[in-house]
Protein chains: 2
Amino acid sequence: MKKDDSTEEKILAAARKVFTAKGMAGARMQDIADEAGINKALLHYYFRNKEQLFENIFKKLSQGFWQQISQVFDSEEALFKKIESFCSMYIEKVIHNPYIPLFIMHELNQRPVNFVKKMFNDNPPNPNRLVMQIQAEVKAGNIRPIAPQQLIMNMISMCVLPFIGKPMFMSVMNVDEKTFNDLMQKRKTEVPEFIINSIKK
Amino acid sequence: MKKDDSTEEKILAAARKVFTAKGMAGARMQDIADEAGINKALLHYYFRNKEQLFENIFKKLSQGFWQQISQVFDSEEALFKKIESFCSMYIEKVIHNPYIPLFIMHELNQRPVNFVKKMFNDNPPNPNRLVMQIQAEVKAGNIRPIAPQQLIMNMISMCVLPFIGKPMFMSVMNVDEKTFNDLMQKRKTEVPEFIINSIKK
DNA sequence: ATATAGTTTAACCAAATGGTTAACAAAAGT
DNA sequence: ACTTTTGTTAACCATTTGGTTAAACTATAT
């Protein structure tokens, strides 16, 4: 029935690329059509309008991204091991999808809180296993006292911000693409080491 | 000669508000005019076009932001004290300007590298005093070995990312505005403590 | 007072942009 | 074969949006 079975996928791939690079407001439907190599009207044939195409991409990306996080948070690993797993997994992921975090956070900041809540409330139970683990280790005296929320924010921050601020960091540290990538590779072990050094007794 | 001496300032304040909230692509000239309470044509009378108005705002914000950072970096304080100063100063600043970092990073990511370089290359000398301080303390054996660039990225990351990701954090941690603000206030001492605990011997 | 220069506005314009339509092409059903 | 359904396109449309213009208004200088 279909002439080319992957047209819808081509559109989705193109939309993802354009939206994540330019944001909803900066993306042009024509850009997406060009990127997909199709006529602009086809976009509206497969997806009613820009808003729906955007939501399709955005929901998938933000939920997928968060799902991967909470999967590690809820795993059975011990705390220190889990910190190592999370940082290396997450940094590795962002190395290969450097635009996603900034895209998600920029768009979340454009939308009302109830929209944001709807996006995350379903899947990730809170307090999750990681929060309880941290509380337990503090209570047991195995790590120094720290609020789980603060520790988790610290961890996520160090994993993700260097990518969001990549242009700034590259410019002010005066490093080229290759050097920057080397720094990020090293962070996969550097960040967990930094965290564990801070909380261990 | 001028009817209202502060018209230009009203425009700049309005433009700053709209641009930082919606970004260059999402901002409408009409929005800025409405926010300033003036006719749209006046925008073009004081600033030739959207691009120039944007550049005016963007340059001031990004350079000012970076200047404040490098000012602390280059101060005469001892390392640990400097880390404390930076974190409390920076978090305090972002509490009162929560949109700025995300705005700057989003816009920097939309522009070519040479544009970014032009924006930062002038003022902040690199390697700056903070880099040299870290190297010296490592060499003297006063702190554990760490690359200055990694430590500085860690510090900036923990100070700024919670604000960039505020909607996400509020939603997944299920906290309200007040609780979030409390968390951020505590970070002014929590983050430097976290860093110093990690690097001290 | 009147001219002059600077300021502000309503109305307008052209280009860009999201979206529609009608016709055409390709598959699938019969 | 041929009818129907699905996929694709070029041309078109309506609205939005950045930007202009000409006239009106205000303050100052003469």
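Everything numeric here is computed off the predicted structure, so don't read it as measured data. Order of the sequence lines fixes the chain letters, A, B, ..., with proteins taken first and strands second; residue numbering starts at 1 for each chain.
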Just jot down the side chain to side chain contact (heavy atoms under 4.5 Å, CB included) partners of B/P167, sequence neighbours excluded, or say none. A/L108, A/N109, A/V116
Parallel, tilted or perpendicular: which describes the rings of A/F194 and B/F194, with under 30° parallel and over 60° perpendicular? tilted
Shortest side-chain distance from B/A41, nucleotide among D/dT21, C/dG19, D/dG7: D/dT21
Quick check: are there more than 12 heavy atoms from other residues, nucleotides or ligands sitting under 6.0 Å from NZ of A/K201? yes
Quick one: B/Y45 OH to C/dA5 P, roughly how many Å, whole number? 13 Å
Would you mind reporting whether A/M24 and A/R111 have side-chain heavy atoms less than 4.5 Å apart? yes
Near B/K17 NZ, under 6.0 Å, is it more than 12 heavy atoms from other residues, nucleotides or ligands? no
Side-chain N or O of A/T7 less than 4.0 angstrom from OP1 or OP2 on D/dT8? yes
Can you tell me if B/R48 touches the phosphate of D/dG19, counting only side-chain N or O atoms and a distance under 4.0 Å to OP1 or OP2? no
Can you measure B/M29 atom CE to C/dC13 atom C1' for me and round it to whole angstrom units? 16 Å
Can you measure B/F47 atom CZ to D/dG18 atom P for me and round it to whole angstrom units? 16 Å
Distance, rounded to the nearest Å, where A/D31 contributes CG and C/dG18 contributes C1': 13 Å
Would you indicate what B/N39 reaches in the nucleic acid, counting non-hydrogen atoms under 4.0 angstrom: base, sugar-phosphate, or nothing? base
Taken to the nearest whole Å, NE2/A/H44 to C1'/C/dT21 is 13 Å
Which nucleotide in the list D/dT8, C/dG19, D/dG19 gets nearest to the side chain of B/K40? D/dG19
A correct dot-bracket answer for DNA chain C, with pairs being Watson-Crick or G-U at under 3.5 Å, [ ] for crossing pairs and | for inter-strand pairs, is ||||||||||||||||||||||||||||||
Any side-chain N or O of B/Y46 under 4.0 Å from OP1/OP2 of C/dT8? yes
How many Å lie between CZ on A/R28 and C1' on C/dT17, as a whole number? 7 Å
State which residues pass salt bridge (Lys or Arg N to Asp or Glu O under 4.0 Å) with A/K178; sequence neighbours excluded, sorted by chain then number. A/D182
Integer-rounded Å distance: C/dT7 P and B/E8 CD: 10 Å
Answer with base, sugar-phosphate or nothing: what part of the nucleic acid does B/A25 contact at a heavy-atom distance below 4.0 Å? nothing
What is the separation between atom CD1 on B/I32 and atom P on D/dG19, rounded to the nearest whole Å? 10 Å
Within the 4.0 Å heavy-atom criterion, would you say A/A33 contacts the bases, only the backbone, or no part of the nucleic acid? nothing
A quick test of your reading: do over 12 heavy atoms of other residues, nucleotides or ligands sit less than 6.0 Å from CZ of B/R48? no
Please determine, for the side chain of A/K50, which listed nucleotide (C/dT9, C/dG18, D/dT8) has the closest atom? C/dG18
